[in-house]
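Worksheet: the structure to be examined is printed underneath.
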Amino acid sequence: MIRVIRIWFRDRGVSLGLALLVHALAGVLLIWGTSLSVVSPRAAPGTARERQPIEATVVSEKDYLNAEAQIRRVNQARAERLTQLQRRARAAQAARKKAQTELARLQQQRQVALRQAQAQQLQLKTRQQQLASVEAEAKKVRAQRRQARQQLLELRAAAVAAAKARQAEQARLAKLQAEARARTRAIAAAKRAALVQAAAARKAQLMRQLRAEQVDRNRRALGNWVRAIELQVQRNWIRPPDVATGINCRVRVTQLPSGQVVKVEMLSCNGGSVVVQSIITAVNRASPLPQPSDPTIFQRRITFVFQPGPNQ
Amino acid sequence: MRIKLVNAALLVVGLVLAADARADLVIKITQGVNQPTPIAVVPFGWGGSGASPLDVARVVRDDLARSGLFAPLPPAKMLARPTTAKAVHFVNWKAVRVNDLVIGSVTPTPSGYNVRFRLYNVYTGRQLLGYVLPSAPDALRFTAHVVSDMIYKQLTGIPGAFATRIAYIKRVTAGKGTRWELVVADADGANARVVVKSPGLLMSPTWSPNGRELAYVEFASSRSHIYIQNIATGQRRLVFARPGLNSAPRFSPDGKRLAVVLSSSPGNPDIYILDLASGKLIRVTHSPAIDTEPAWMPNGKAIVFTSGRGGSPQVYEKNLDTGSVQRLTWQGGYNARPVVSPSGKKIAFVHRENGALHIALINLASGNMRLLTNGPADVSPSFSPNGAMILYSTVMGRRQMLATVSVDGQVRQELFGTAGTLVQPVWGPFPPHLAHAEQVSTPTP
């Protein structure tokens, strides 16, 4: 077994190491470049075969010394090889570095390109999005416009309708107002007419009342005046003794508004001269006659009818 | 409205026209006042030298006042004292509210005086009377009464009775004895003149209708005699001296008969009528009761008398033609001594009420009785010849005297100049005079 391993190593030492390195690098790269999508397709199967012998290693003293000498040789060889390898590694590293650089460059390029693409894509997408957005916007705007137009139309229609309605309303209002005014006017006119009529009726009533009162007042005033004159004349008529009953004498007296008797005419008398004389004296003696309370009822001429009853 | 106004206007115009067209305002006067007429009798002018023999105006004022129908203005209240027509200003008399004005004057004449007077109505200014009355020197007072009569007649329509005379019995106590006198005086009591003097009782004087004679009863030797005596000559004749009572003589209105009261021997007085020319005596009453105090109705066809036939003294009337007797007084238990008014429409008599004697008056037409005097002892009524007044005997304090009352009972007045105990007055008739009055100007109607 160890031999096998040794052989394997001997045969395969350098390659193994290299392989391990590459694998390690690859693993690093893998680990490091998980993000990269580019993987070397050659290294992948060798790595999977070398892992199994390492797990079954058990070592004795002699073997050990041998191994040591061997190790020393190997080490030497190895150092040489290492140097070599290191060179090679350095070269490889340089190459790798170069490759890496190149790769990096490429990757960078790719990255850049990718980024560019991505950017472009993004840009495109953005642009698309923008476009879509613009389109959507435009659509929206168009829709809005349409809507607006629609609304405008509707508004216009509404405005027209509203205007019509307003006009109609105004007309209706105007009509109503006119009607109201007319009604108010009619009511006012009716009221005025009623008032005028009432006033006229009241006036007529008052005038009637006034006339009635005037007539009444005149009648009363006349009655009072007549009574006052009658009393005054009676007080002044000294009735002759033994005047026969059935005496009837009419004497007309003309008076001034002051009541002053200015004229006395005996119109008729069935009594003797004594009676005539007494009557003429009485009406003269009664002067001035009482004046009426109301001057309008004054009468200038008064006829006294002396018609005495029995003396006792 | 307008039509109504027009109607109203037409109505007013109509009323005015009606008022204008209507006859005068007519006022009926159914009453007057029974007041004395205010009159002014201005003191008369005196045309002679010295003092006026008589205040004629005062006599006239007193006469008019006594009648009860006039209220003469006292001279002190006169604003002016005119004695001629020219001096009269009626405003002065209207101012003192008199209805009538009398002015006048007395002037001496060879045969006595001329009494001149005028009567005016103050309100019309008209002269109602204007006369000149010649007067004998001793008749000036009588002439003044005539003036009163003329004024009275003019203003009342009734003849005045101032220029008349009265007769009465006066009892005179001189020393131990008492004598009776039959006195004739002017109606105002002035100019008293004794016609008969007698130591015996004088009773029941009565005037003949012509005023020239008086019949009366004289008691002498306890017997009663009825005499008729001529006033002017003093001659008298015995008419009755029968046994028993001869009393209460009354001349008939024509003066041809004498009603008397005679008692037959049983002493029951009855009324008889003596025909003065033939001496024929007729018995008028036959009652067993006392019938006395006869008075003639003016037509001479009936006699009113006092009779106790009803149980108390009452006044009855007997128609001399038919013989029917009618009781006239019904009020009270004592109505006696009737006298008939000149018109025959009223009877005055003595009415006793609550022991007092009053002069009462009954209106024959209505039967209404009225007391004219207050008593307490008013007796012996006698109408003035114009019927306006009643003369009677009254007692004032202790004095028995004469008084007059107007027939309306308004004015009662004691007669002046009649001091003494005076009873049984009788008012004489109108004298037949005034024919000699002469108008100074025609009275305006």
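Here is the naming used below: chain letters follow the sequence lines, and residue numbers restart at 1 for every chain.
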More than 12 heavy atoms from other groups under 6.0 Å of [atom1] on [X]:
X	atom1	result
B:K153	NZ	no
A:Q209	CD	yes
A:R156	CZ	no

Would you say the side chain of [Y] lies within less than 4.5 Å of the side chain of [X], judging by non-hydrogen atoms?
X	Y	result
A:Q277	B:N121	yes
B:T124	A:T281	no
A:V233	B:Q31	no

Hey, what do you get for [atom1] ([X]) to [atom2] ([Y]), rounding to the nearest 0.5 Å?
X	Y	atom1	atom2	answer
B:I27	A:Q299	CD1	CD	9.0 Å
A:I238	B:T156	CD1	OG1	12.5 Å
B:Q35	A:N236	CD	CG	9.0 Å

- Query: Side chain, backbone, both or neither: which part of A:I302 has a heavy atom under 4.5 Å from chain B?
  - Reply: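 When you check distances to chain B, atoms from both the backbone and side chain of A:I302 fall under 4.5 Å.
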
- Query: Is it the side chain or the backbone of A:R285 that comes within 4.5 Å of chain B heavy atoms, both, or neither?
  - Reply: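 Backbone plus side chain of A:R285, per the 4.5 Å heavy-atom cut-off to chain B.
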
- Interface moiety of B:L69 toward chain A, non-hydrogen atoms closer than 4.5 Å: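 Interface part for B:L69: side chain.
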
- Could I get the full list of salt bridge (charged side-chain N to carboxylate O under 4.0 Å, His left out) partners for B:D63, not counting sequence neighbours?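 B:D63: salt bridge (charged side-chain N to carboxylate O under 4.0 Å, His left out) contacts with B:R66.
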
- Message: Checking A:T303 against B:L25 for the side-chain contact (heavy atoms from CB on, under 4.5 Å) test, could you report, in this order, the C-alpha distance in whole Å, the side-chain angles of both residues, the deciding distance, and whether it holds?
- Response: CA-CA 6 Å; A:T303 294; B:L25 180 61; over 6 Å; no

- Item | Test log, rule side-chain contact (heavy atoms from CB on, under 4.5 Å), inputs B:T30 and A:Q234 | CA-CA 8 Å; B:T30 57; A:Q234 286 185 353; 3.8 Å; yes

- Between chain A and each of B:P36, B:S406, B:S366, B:P38, count heavy-atom pairs under 4.5 Å; write down the option with the most.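 Sorted descending by pairs with chain A, the first entry is B:P38.
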
- Task: I would like to know whether A:Q307 and B:I29 meet side-chain contact (heavy atoms from CB on, under 4.5 Å); could you show each step before the answer?
- Result: CA-CA 6 Å; A:Q307 237 174 2; B:I29 304 297; over 6 Å; no

- Query: Which one, A:R300, A:R250, A:R252, leads in non-hydrogen pairs under 4.5 Å with chain B?
  - Reply: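 Among A:R300, A:R250, A:R252, the one with the most close pairs to chain B is A:R252.
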
